[in-house]
**Student:** 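Structure provided below as structure tokens; questions to follow.
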Amino acid sequence: MSITLPLPDPFSFELTLQFLQRSPKELLHRTRDDRVIKLLPVGKELVLFSVKEGNNKLIVEFLNGDPSDPAKAEIKDYVREWFDLETDLNPFYAMGRKDELLKSLVKKYSGFRIIGQPDLFESLVWAVLGQQINLNFAYTLKQRFVELFGQNIEIDGHRYFAFPTAEDVTRLADDDLLPLQFSRQKSKYVRLIAEAFVGGEVSKVKLSGMTLQQAKEHLIKIKGVGNWTANYALMKTFRYPDAFPLEDVALHKAIQIGKGLKARPSLEQVKRIFKKYKGWEAYATLYLWRSL
DNA sequence: CGCCAGGTTAGAG
DNA sequence: CTCTAACATGGC
């Protein structure tokens, strides 16, 4: 009833759990003691599993019965992607130790990996929810959205939620979303993304294998997905090492504080700084975000 | 009250 | 091509 995954070095499960706990409004997983619990639809199965660390491995335990072998394999892949177990961080640290802005961060957050969003639809919708509003309010919107439209099961007095499917979201209208305090814009964008998935214009399979530039151009065809959103999703779902949201306000703030600038850096300044991080832009962004 | 939040679009110049 | 208003609401 459990499977294990070998851990790369360095890997910090503690920093991972901290990150997963950053909002009490998060319904897509629950952290308890030293583990994280998540519900994931796999084919027709709804699998509830927990992940903890032990013996230099990640231990995945199944909590609602024994899933089929294909489902188990898929969960294993999901966890590997979720916690970015394949990346060798050592070159990033070697580079970061020599960089004024990153020096203290790579030391402080050693073993912290990009917590991915293996589900592309979830990643895009989440990015749209986060557009132009504070993160806390974005979590409120997501909480309401998942609570109302996501599949869920109750086990031992706890309810676990999965992210709503694209198909379900295409059936929604302004009347469903505006009461959750979505703006008309967000309501429309979320539905357009869902339609792009259901219509087959966009899918994870379709984008995998594309170059970063190709994938970005493909995503930006969806109305509501701009440069920032596309880069965010490509970073969190596909882990292009050089995908990062150049225009991101939080990133600018982190650079301003880190470098002690009087004002936010210009886009040109950010570009110049990130030139030094070539091949590790996504990780540099993650660590700068974390510094806030 | 004013200003800013992990932006994007449409429209004007 | 670049610049701007509109979008809507929470938090300080």
Side-chain angles (χ1 to χ4, degrees), chain A residues 18-26 28 101 105 109 112 114-117 119-120 122-145 172-196 201-202 215-240 242-258 261-271 273-274 277 281-292:
Chain A
Q18 273 177 27
F19 178 85
L20 291 171
Q21 283 166 1
R22 75 192 164 136
S23 173
K25 293 173 183 164
E26 179 59 75
L28 297 179
L101 188 54
L105 300 177
Y109 302 119
F112 179 49
I114 296 179
I115 310 300
Q117 279 177 327
D119 178 351
L120 180 61
E122 176 190 331
S123 184
L124 287 169
V125 170
W126 169 234
V128 165
L129 294 186
Q131 286 172 359
Q132 179 53 24
I133 57 175
N134 64 71
L135 205 49
N136 186 40
F137 185 46
Y139 270 112
T140 302
L141 296 179
K142 176 174 156 185
Q143 180 183 32
R144 292 171 182 162
F145 181 67
L172 301 179
D174 274 346
D175 284 349
D176 298 302
L177 295 172
L178 299 189
L180 314 192
Q181 287 183 291
F182 279 45
S183 61
R184 284 175 192 286
Q185 219 176 29
K186 285 196 200 304
S187 166
K188 187 158 99 190
Y189 292 169
V190 163
R191 282 175 290 138
L192 287 174
I193 292 169
E195 280 162 21
E201 292 95 84
V202 172
K216 202 186 297 184
E217 282 165 16
H218 202 82
L219 285 178
I220 285 176
K221 286 184 193 148
I222 308 174
K223 204 148 289 187
V225 178
N227 206 39
W228 178 89
T229 304
N231 273 306
Y232 178 87
L234 292 170
M235 169 181 171
K236 296 283 277 187
T237 300
F238 290 99
R239 302 186 169 286
Y240 288 92
D242 47 350
F244 77 104
L246 172 70
E247 311 84 346
D248 185 79
V249 179
L251 177 62
H252 298 178
K253 195 199 274 182
I255 291 172
Q256 182 188 353
I257 294 170
L261 306 176
K262 287 201 183 91
R264 297 290 157 83
S266 66
L267 289 182
E268 286 309 314
Q269 278 176 288
V270 179
K271 271 185 202 165
I273 291 165
F274 268 71
Y277 305 154
E281 288 92 335
Y283 262 95
T285 300
L286 181 78
Y287 278 60
L288 284 163
W289 274 342
R290 182 92 191 204
S291 73
L292 300 172

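We name chains A, B, ... by the order of the sequence lines, and we start the count at 1 in each one.
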**Student:** Between B/dT8 atom P and A/Lys221 atom NZ, what is the distance in whole Å?
**Tutor:**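 Atom-to-atom, A/Lys221 to B/dT8, this comes out as 17 Å.
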**Student:** Figure out the NZ/C1' separation between A/Lys223 and B/dT9, and round it to whole Å.
**Tutor:**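 The distance from NZ of A/Lys223 to C1' of B/dT9 comes to 8 Å, rounded to the nearest Å.
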**Student:** DNA chain B: A/Val225 or A/Leu251, which has the more 5' nearest nucleotide?
**Tutor:**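 Taking each residue's closest nucleotide, the earlier one in sequence belongs to A/Leu251.
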**Student:** I'd like to know if the side chain of A/Tyr287 and the backbone of A/Phe112 have a donor-acceptor N/O pair within less than 3.5 Å.
**Tutor:**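 Between the backbone of A/Phe112 and the side chain of A/Tyr287 there is a qualifying donor-acceptor contact (under 3.5 Å).
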**Student:** Say we look at C/dA8 and B/dG11: how far apart would their P atoms be, to the nearest angstrom?
**Tutor:**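 Their P atoms lie roughly 16 Å apart.
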**Student:** What string of B, S and - do you get for nucleotides 7-12 of chain C, 5' to 3', when a contact is any protein heavy atom under 4.0 Å?
**Tutor:** BBSBS-
**Student:** Is the count of non-hydrogen atoms from other residues, nucleotides or ligands lying under 6.0 Å from A/Lys25 atom NZ greater than 12?
**Tutor:**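 Check passes, neighbour count above 12.
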**Student:** What's the CG-P distance between A/Leu192 and B/dT9, to the nearest Å?
**Tutor:**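 Rounded to whole Å, this separation is 10 Å.
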**Student:** Would you jot down, in residue-number order, the residues of residues 284-292 of chain A having a non-hydrogen atom under 4.0 Å from DNA chain C?
**Tutor:**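 Listed by number, there are none.
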**Student:** Which whole-number value in Å describes the distance from A/Ile222 CD1 to B/dG7 C1'?
**Tutor:**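 So the CD1-C1' distance, A/Ile222 to B/dG7, works out to 15 Å.
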**Student:** Figure out the CG/P separation between A/Leu141 and B/dA5, and round it to whole Å.
**Tutor:**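 It is 18 Å, rounded to the nearest whole Å.
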**Student:** Rounding to a whole Å, what distance do you find between A/Leu267:CG and C/dC3:P?
**Tutor:**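 Answer to the nearest Å: 11 Å.
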**Student:** Using a 4.0 Å heavy-atom cut-off across all strands, classify A/Val128 as base, sugar-phosphate, or nothing.
**Tutor:**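 Result for A/Val128 = nothing.
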**Student:** Would the distance check show the side chain of A/Lys223 and the main-chain N or O of A/Tyr189 forming a donor-acceptor pair, the cut-off being under 3.5 Å?
**Tutor:**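 Side chain of A/Lys223 to backbone of A/Tyr189, a donor-acceptor pair under 3.5 Å: no, none is there.
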**Student:** For the CZ atom on A/Arg184, are there more than 12 heavy atoms of other groups (residues, nucleotides or ligands in this structure) within a distance under 6.0 Å?
**Tutor:**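 No - once you tally the heavy atoms of other residues, nucleotides and ligands closer than 6.0 Å, there are 12 at most.
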**Student:** Could you report the tightest heavy-atom contact between A/Pro265 and A/Gln269, atom names first, then the distance?
**Tutor:**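 A/Pro265 and A/Gln269 have their closest heavy atoms at CA-OE1, 3.3 Å.
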**Student:** Is a donor from one side chain sitting under 3.5 angstrom from an acceptor on the other, for A/Thr140 and A/Arg144?
**Tutor:**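 The answer is no; no qualifying pair exists.
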**Student:** Could you tell me the separation between the CG atom of A/Leu219 and the P atom of B/dG7, rounded to a whole number of Å?
**Tutor:**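 Roughly 18 Å, once rounded to whole Å.
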**Student:** Determine the minimum heavy-atom distance between A/Glu122 and A/Leu28, stating which atoms define it.
**Tutor:**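 A/Glu122 and A/Leu28 have their closest heavy atoms at OE2-CD1, 3.5 Å.
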**Student:** In this structure, how many angstroms lie between the C1' atom of B/dT8 and the CD1 atom of A/Ile193, rounded?
**Tutor:**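 Interatomic distance, CD1 of A/Ile193 to C1' of B/dT8: 11 Å.
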**Student:** Counting only N and O atoms by type, is there a donor-acceptor contact under 3.5 Å from the side chain of A/Gln143 to the main-chain atoms of A/Glu26?
**Tutor:**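 Not at all, since once roles are kept as given, no pair shorter than 3.5 Å links the two residues.
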**Student:** So what does A/Thr140 touch, heavy atoms closer than 4.0 Å: a base, only the sugar-phosphate, or nothing?
**Tutor:**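 No contact.
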**Student:** Apply the ring-ring contact (aromatic ring centres under 6.0 Å, His included) test between A/Phe244 and each candidate in A/Tyr277, A/Trp228, A/Phe274; give the one that qualifies.
**Tutor:**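 Exactly one pass, corresponding to A/Phe274.
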**Student:** So, OP1 or OP2 of B/dC4: does either fall under 4.0 Å of a side-chain N or O from A/Lys253?
**Tutor:**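 A/Lys253 to B/dC4 OP1/OP2: no side-chain N or O under 4.0 Å.
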